[in-house]
2 protein chains.
Amino acid sequence: MTNNTILIVDDEAPVRDMLRVALEMADYRCIEAENAQEAHSMVIDEQPDLILLDWMLPDVSGIELARRLKRDELTSTLPIIMLTAKGEEDHKIKGLETGADDYITKPFSPRELVARLKAVLRRAGPSVPEEPLTAGELVLDPIGHRVTIHGQSVEMGPTEFRLLTFFLSHQERAYTRTQLLDHVWGGNVYVEERTVDVHIRRLRKALAVDGHDRFIQTVRGTGYRFSVQTAERV
Amino acid sequence: MTNNTILIVDDEAPVRDMLRVALEMADYRCIEAENAQEAHSMVIDEQPDLILLDWMLPDVSGIELARRLKRDELTSTLPIIMLTAKGEEDHKIKGLETGADDYITKPFSPRELVARLKAVLRRAGPSVPEEPLTAGELVLDPIGHRVTIHGQSVEMGPTEFRLLTFFLSHQERAYTRTQLLDHVWGGNVYVEERTVDVHIRRLRKALAVDGHDRFIQTVRGTGYRFSVQTAERV
DNA sequence: CATTGACGTGACAAATATATGACAGTTTCG
DNA sequence: CGAAACTGTCATATATTTGTCACGTCAATG
């Protein structure tokens with residue numbers, strides 16, 4: 001399972017569909033946007049691993065979006081593959097100058113698409129973080145696949161481990177159950193929303209110190225948030 | 001079986017393919033990277049025995065990568081053979097100055113490649129570590145090909161010995177069954193993944209003290225990890 | 001303060017993953 | 001040539017994980 005999330009940005013629905021089919025066949029998770037504004041908020045929101053960006057967009061041109069993303073420090077490492085119509089060769093130059101990591105000329109074969117995408121993702125470095133993720137006394141070592149609190153090893157199931165990994169790289173931010181299902185379980189599984197509650201509980205239990213968990217907060221009406229609770233409330 | 005792992009670093013896929021074919025014919029295991037960043041993480045990740053490094057790379061130049069590897073204590077003994085295009089003779093000087101152990105001018109014959117590679121590997125000394133590998137009371141003496149716990153000799157089969165050798169030099173890190181097959185069995189053998197379980201069991205049995213093994217942990221959903229279990233949980 | 005919707009919890013059966021013992025084909029070595 | 005040791009694979013135990021429920025609790029609201 002690659003488990004990489006690809007953001008498809010194109011204003012034509014049929015094109016998006018084609019891309020999605022090809023990518024899901026290759027086991028990527030897809031999310032879609034049809035204009036630059038929507039795309040931008042999805043980048044912030046969903047943190048995809050790569051963007052497939054059409055040259056022509058209704059509002060801001062694709063190239064402009066690429067430029068903005070590459071300029072912003074938070075998103076500058078996000079790989080971008082530009083899609084461009086056949087014959088517009090000069091776009092290639094401009095696109096690569098702007099910071100696109102690759103470009104693909106329409107029409108293209110699914111195989112070519114996936115091959116280039118793989119190459120770009122590989123070049124971008126491992127999506128599995130090598131550095132330990134931390135939150136206060138909590139440390140998750142991705143290499144050793146191990147979680148410790150105060151150096152004490154903590155046991156949990158694989159799903160809890162993935163959930164915690166996600167939370168640790170997205171702290172201080174509230175997620176709905178649906179978002180968590182998407183990110184931690186993977187987009188296309190059908191699971192009850194309440195299942196998230198149960199896994200949250202299991203994770204809380206695992207992370208509990210003195211019977212109380214200081215890491216996961218319930219956001220009523222919304223979902224959950226991970227953040228280190230520093231001081232006790234009075 | 002040489003069982004040596006060679007890391008090929010070149011941005012041109014055809015060149016990599018040619019090298020791989022030549023090397024696999026000579027019974028080396030090959031892994032590939034197409035840029036410096038990828039190469040660096042593969043060095044850490046896969047611990048190859050030698051690097052074939054192209055002079056020209058898209059991101060950091062090959063020479064720069066070589067310099068970094070030679071500077072870092074962990075990787076400074078890793079032999080490097082630089083690949084350089086014909087005629088660029090001054091590269092030879094610079095390359096050898098940087099710490100490359102040999103250089104080969106493109107185009108070259110497969111025979112020449114393998115011959116030089118062998119020479120460099122021989123010069124680099126045995127890939128078998130000379131120093132004993134230890135983990136707590138467990139000591140593996142590579143020279144004497146012997147394992148002891150508390151000075152007590154421990155018997156095990158050749159596969160278990162290789163597995164333990166690998167684990168001892170990669171402690172605290174979780175490996176999938178596939179990775180273990182790659183590293184311990186050698187890349188291109190077809191063996192069932194479950195076979196790993198069986199050898200893990202045999203190794204555990206051999207390392208067991210009082211019927212319990214304190215060295216190998218099962219990482220559910222992933223594989224196994226070697227690490228000395230220090231204290232009991234309450 | 002009763003109501004209502006949202007969240008927490010323990011239990012469970014089904015699904016998965018891992019451990020184990022046995023076995024047959026090979027290799028090793030005396 | 002045999003005996004002993006080693007390997008890879010199974011089939012069969014065991015153990016753990018997972019998604020759902022049903023029911024208890026809690027917080028906000030009028």
Side-chain angles (χ1 to χ4, degrees), chain A residues 1 145-147 153-166 174-208 211-226 233, chain B residues 1 3 145-147 153-166 174-182 184-208 211-226 233:
Chain A
M1 178 178 51
H145 217 275
R146 186 199 294 253
V147 179
S153 198
V154 171
E155 301 302 318
M156 65 183 71
T159 303
E160 283 71 58
F161 187 86
R162 267 179 292 136
L163 185 55
L164 179 59
T165 304
F166 176 77
Y175 287 93
T176 65
R177 292 172 175 73
T178 306
Q179 286 176 315
L180 290 173
L181 281 176
D182 277 356
H183 286 292
V184 178
W185 274 253
N188 27 19
V189 286
Y190 175 66
V191 175
E192 289 290 323
E193 287 211 344
R194 300 287 269 115
T195 299
V196 174
D197 297 30
V198 178
H199 282 278
I200 288 282
R201 172 174 137 276
R202 287 170 182 161
L203 182 54
R204 276 177 166 158
K205 200 170 180 181
L207 300 182
H212 282 286
D213 149 69
R214 301 183 305 115
F215 298 104
I216 301 172
Q217 290 96 49
T218 302
V219 183
R220 220 150 218 276
T222 303
Y224 299 93
R225 173 185 51 224
F226 188 100
R233 195 162 311 136
Chain B
M1 178 178 52
N3 210 9
H145 213 272
R146 176 192 300 244
V147 180
S153 195
V154 171
E155 300 304 316
M156 65 184 70
T159 304
E160 282 71 56
F161 187 85
R162 267 180 293 136
L163 185 55
L164 179 58
T165 305
F166 176 77
Y175 286 95
T176 65
R177 293 174 175 74
T178 306
Q179 287 176 313
L180 291 173
L181 282 176
D182 277 356
V184 177
W185 273 253
N188 27 19
V189 285
Y190 176 67
V191 175
E192 288 291 321
E193 288 210 344
R194 294 268 145 247
T195 300
V196 175
D197 297 31
V198 178
H199 283 278
I200 287 282
R201 172 170 142 277
R202 288 170 181 161
L203 181 54
R204 274 178 167 158
K205 202 169 179 181
L207 300 182
H212 281 287
D213 149 69
R214 300 184 306 115
F215 298 104
I216 301 172
Q217 290 99 50
T218 302
V219 183
R220 282 231 152 208
T222 302
Y224 299 93
R225 172 183 52 219
F226 188 99
R233 193 162 313 132

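Below, chain A is the first sequence line, B the second, and so on; all start at residue 1.
Atom CD of B:Q179 and atom CZ of B:F166 lie 7.5 Å apart (nearest 0.5 Å). Rounding to the nearest 0.5 Å places CD1 of A:I200 at 12.0 Å from OG1 of A:T195.
By the 4.5 Å heavy-atom criterion applied to side chains, B:R177 and B:D197 are counted as neighbours. Using a 4.5 Å cut-off on side-chain heavy atoms (C-beta onward), B:W185 and B:T159 make contact.
Nearest-nucleotide positions on DNA chain D for B:T195 and A:E192 put B:T195 closer to the 5' end. Nearest-nucleotide mapping onto DNA chain D: of B:E193 and A:V191, the residue sitting toward the 5' end is B:E193.
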With 3.5 Å as the limit, what N/O pairs link the protein to nucleotides 28-30 of chain C?
none

Pull out every protein N or O sitting under 3.5 Å from an N or O of nucleotides 19-25 of chain C, one pair per line with the distance.
{"from": "C:dA19", "atom 1": "OP1", "to": "B:R204", "atom 2": "NH1", "distance (Å)": "2.8"}
{"from": "C:dA19", "atom 1": "OP1", "to": "B:T218", "atom 2": "OG1", "distance (Å)": "2.5"}
{"from": "C:dA19", "atom 1": "OP2", "to": "B:Y224", "atom 2": "OH", "distance (Å)": "2.5"}

With a 3.5 Å cut-off and sequence neighbours excluded, list the donor-acceptor pairs that the side chains of residues 201-208 of chain B form with protein atoms.
{"from": "B:R204", "atom 1": "NH2", "to": "B:I216", "atom 2": "O", "distance (Å)": "3.2"}
{"from": "B:R204", "atom 1": "NH2", "to": "B:T218", "atom 2": "OG1", "distance (Å)": "2.8"}

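For the helix from C:dC1-D:dG30 to C:dG30-D:dC1, the axis fitted to the five pairs at one end and the axis fitted to the five pairs at the other end meet at an angle of 30° (nearest 10 degrees).
Taking all atoms of both residues into account, the shortest heavy-atom contact from A:Q217 to A:R214 is NE2-O, 3.9 Å. In plain terms, the two heavy atoms of A:R146 and A:F161 that are nearest each other are N-CE1, 3.9 Å. For the residue pair B:V196 and B:L180, the shortest heavy atom distance occurs at CG1-CD1, 3.9 Å.
As judged by a 4.0 angstrom heavy-atom cut-off over every strand, A:E160 is placed among residues touching the sugar-phosphate backbone only.
Residues forming a ring pair (Phe, Tyr, Trp, His ring centres under 6.0 Å) with B:F226 (at least two apart in sequence, or on another chain): B:F167, B:F215.
A donor-acceptor pair under 3.5 Å is formed between the side chain of B:R162 and the backbone N or O of B:V184.
Where DNA chain D meets chain B (any atom under 4.0 Å from a heavy atom), the bounding nucleotides read 5' to 3' are D:dC6 to D:dT17.
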